[in-house]
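Quick notes on the structure that follows.
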Amino acid sequence: MQTTFLAQQFVPLLFTGLLVLLLTGFPVAFALAATGLGFGLIGIEAGLFPQAMFQALPLRIFSIMQNDTLLAIPFFTFMGIILQKSGMAEDLLETVGQVFGPVRGGVAIAVILVGALLAATTGVVAAAVISMGLISLPIMLRYGYSRVIATGTITASGTLAQAIPPSLVLIVLADQLGRSVGDMYAGAVIPGLLLVGLYLLFIVIVAIVFPKMTPALPMEARIYREPNGSSGHKSLLVLMVICTVVGVGWAQVHDSMIKHLVERPNAAPKDEIIILSMTLASLTALALSIINHVTKMGLLSRLAEQVTFVLMPPLILIFLVLGTIFLGVATPTEGGAMGAVGALVLAMIKKRLTRALTYEAMDSTAKLASFVLFILIGSTVFSFTFNAADGHIWVEHLFDKIPGGQLGFLIVVNILVFILGCFIDFFEIAFIVIPLLAPVAEKMGIDLIWFGVIIAMNLQTSFLTPPFGFALFYLRSVAPRRDYKDRVTGETIKAVGTTEIYKGSIAFIVLQLIMVAAIIAFPTLVTGNIEKAKTISDDAVMQMLDQGISNKEGSNPMSGLEPPPAAPSGGGTGDAPAAAPAPSSSSNPKDDPMKALLEAAERDKNK
């Protein structure tokens, strides 16, 4: 009786045991492994599992250690930390802030754009939020920005690292879903850029409707001025027009040029064309600025030169890393290694690469990589017992009564992930929840790349949702807790309250959920950027195999054990198989490879 109850309720008890361990504060990785091993041993003792069940577990763990895809995590982490510690965030915020400062909402727009750029380079939410909180928040408070808008913009921009490639979340999701990291990156590009556009649109609307909430920088705060008193924006605009012409021109000839280089029969994907065109445009801007600076021709303003020297190097690095991945020249792991080397080179050029900085970057990278690996090993042990108990069938039964088919499933899953994101980290969600949901999604015919991008966009909200939104805590750690006297204006600035930080996140949470709904409603935002493999029917495969064997036999009469009688000269394509007698070794149907292949194709067709 007890054994029957245990067999029927094994999976719910398994999850209950995991929840109890997590609530006690036990580390997640060890809680997962302990639950999997403990309940696995209970199942073996109760006769539910075979005695040798855990013999295959070491091989599963070794396969994790040999997974080349996961090497991309330390590479991209190291790249981001080097760029962040070498002062890139400070340079970007100062420069982009000067470009957009003269307009209402300009500083907020600069924070969003820099947040997107930091997302594509550092990929670390904590670093992005803390950097922008230390640099931008005092400026926004000094010149009268609404505290809700200021704090919400900083926290939301910092979380863009979860959705914009090369995101660590996308790497982990691709691994858990069994899909290519390159395809996951390609699918996330357009949604990530659209989310940035949504943030910018929100700031523009606020600046128009409530201009006092987002004032422009006063004249004395604009540090880049020309000798004649102009701001230098016209020169920057001319440079942008020249680079745009170069980029658009390359986009027109990209397909024909790349086809000859890589011998690719299909047309180039749009995201590949966009990234490489922007790379060439960025290189053009950098080359023109270097020539102007070296020759002292004075054709470009101080602002144009500063923007180019600060903005272009990290942009070129991003485009090269993503471009080589999308082109298929490099795997995500190789792209990450190239990005790490590129970050070291940029830091060296700026003369900011020190032994202390390198040590700190390596130490942080090792800690994060170990953290991810231990959670993955723990989740593997847990899923080992879960699968042995047919837990995937239990999960399928949970969702088979949901009305609405795919749409109903996606709505319920996103509500579940959104709620879980309020309490646990995205790594735990990716390693515990996603492996349970992925088989159900695939069985329902949902494209797993689409599913992964939806989850990644939803996981982004986990950094903003109270009470445990990590981005909110990161900003709270650097926001002023007491009133202070501003060093520039001499005025007293009131402290930033925790309630104001929470309120600031609400509008951006809504924007993120709108983006999630848009991806669900329009799957082509994701799948339209992925190069589809050409599919052919089983009959076509059989015909091609038959023709290939016929050609081979016709061109080599001695390929059989016995010579074919009176084969026509030059061989034949359709008559050779009929003329040649079957070899004696193939007389047994079980040894006939063609028959076995046909039977396998028939079985796949009947599934």
Side-chain angles (χ1 to χ4, degrees), residues 68-70 72-73 75-76 79 116-117 119-121 123 160-197 247 250-251 254-255 258-259 261-262 264-280 315 317-336 338-339 430 434 438 441-442 446-460 515-516 518-520 522-535:
D68 292 341
T69 302
L70 295 176
I73 293 177
F75 282 141
F76 281 121
M79 164 186 161
L117 193 57
T121 51
L160 288 170
Q162 304 304 298
I164 294 179
S167 163
L168 300 184
V169 174
L170 296 175
I171 296 174
V172 172
L173 287 175
D175 179 70
Q176 294 299 300
L177 294 172
R179 291 298 183 266
S180 162
V181 177
D183 285 345
M184 194 69 79
Y185 279 176
V189 167
I190 300 300
L193 294 178
L194 285 177
L195 183 61
V196 174
W250 173 260
H254 171 88
D255 201 22
I258 295 298
K259 275 185 178 179
L261 290 175
V262 300
R264 181 172 53 194
N266 301 327
K270 291 181 180 178
D271 51 3
E272 175 191 304
I273 296 175
I274 292 171
I275 285 179
L276 289 184
S277 299
M278 293 177 73
T279 303
L280 194 60
L315 274 179
L317 179 62
I318 295 165
F319 294 150
L320 286 177
V321 169
L322 294 182
T324 52
I325 293 173
F326 290 158
L327 271 173
V329 176
T331 64
T333 301
E334 293 164 346
M338 185 174 66
I434 301 305
E442 190 170 21
I446 296 173
D447 186 289
L448 291 186
I449 297 293
W450 177 44
F451 182 68
V453 173
I454 292 171
I455 297 299
M457 197 65 68
N458 196 334
L459 284 174
Q460 191 176 342
M515 196 64 233
V516 171
I519 298 172
I520 294 174
F522 304 103
T524 52
L525 291 174
V526 175
T527 57
N529 304 317
I530 304 171
E531 186 176 355
K532 295 291 190 295
K534 185 180 179 182
T535 57

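Taking both residues in full, the closest heavy atoms of A430 and V172 are given as CB-CG1, 3.7 Å, listed atom of the first, atom of the second, then distance. Heavy atoms only, all atoms of each residue included: V453 and P191 are closest at CG1-CG, 4.1 Å. For the residue pair G335 and V321, the shortest heavy atom distance occurs at O-CG1, 3.6 Å. L448 and R179 make their closest contact through CD1-NH2, 3.5 Å (heavy atoms, listed as atom of the first residue, atom of the second, distance). Closest non-hydrogen pair, L525 versus A518, comes out as CD1-O, 3.9 Å. When every heavy atom of Y185 is checked against every heavy atom of P165, the shortest pair comes out as O-CG, 3.4 Å.
Considering CG of L459 and CD1 of I454, their distance stands at 12.0 Å, rounded to 0.5 Å. The line from CG of L317 to CE of M338 is 7.5 Å long, rounded to the nearest 0.5 Å. A distance of 11.0 Å separates CD1 of I171 from CZ of F75, quoted to the nearest 0.5 Å. Atoms CE and CG, from M515 and L194 in turn, are 4.5 Å apart once rounded to the nearest 0.5 Å. With rounding to the nearest 0.5 Å, the separation of CG in D447 from CG in L177 is 10.0 Å. A distance of 13.0 Å separates CG of L195 from CD1 of I190, quoted to the nearest 0.5 Å.
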Checklist entry - Should V196 and I164 be marked as a side-chain contact (heavy atoms from CB on, under 4.5 Å) after you check the CA-CA gap, both sets of side-chain angles, and the distance that decides it? => result CA-CA 10 Å; V196 174; I164 294 179; 3.9 Å; yes
Next on the checklist: With side-chain contact (heavy atoms from CB on, under 4.5 Å) as the criterion, how do W450 and I519 come out once you've worked through the C-alpha distance, each side chain's angles and the decisive distance to 0.1 Å?
Outcome noted: CA-CA 8 Å; W450 177 44; I519 298 172; 3.7 Å; yes
Item to check | Stepwise side-chain contact (heavy atoms from CB on, under 4.5 Å) test for L315 and M278 | outcome: CA-CA 9 Å; L315 274 179; M278 293 177 73; 5.9 Å; no
Checklist entry - What do the steps show when you test L193 against V189 for side-chain contact (heavy atoms from CB on, under 4.5 Å), and what is the final call? => result CA-CA 6 Å; L193 294 178; V189 167; 4.0 Å; yes
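With hydrogens and angles disregarded, no donor-acceptor distance shorter than 3.5 Å links the side chain of T524 to the backbone of T527. Formation of a donor-acceptor pair under 3.5 Å by the E334 side chain with backbone atoms of T331 is found in this model. A donor-acceptor pair under 3.5 Å is absent between the side-chain atoms of W250 and the main chain of I273, judged by distance alone.
For the side-chain contact (heavy atoms from CB on, under 4.5 Å) with M457, the qualifying choice from V516, I520, V169, V526 is V516, the only one to do so.
Contact annotation: the side chain of I318 approaches that of L117 to within less than 4.5 Å [non-hydrogen atoms, C-beta and beyond].
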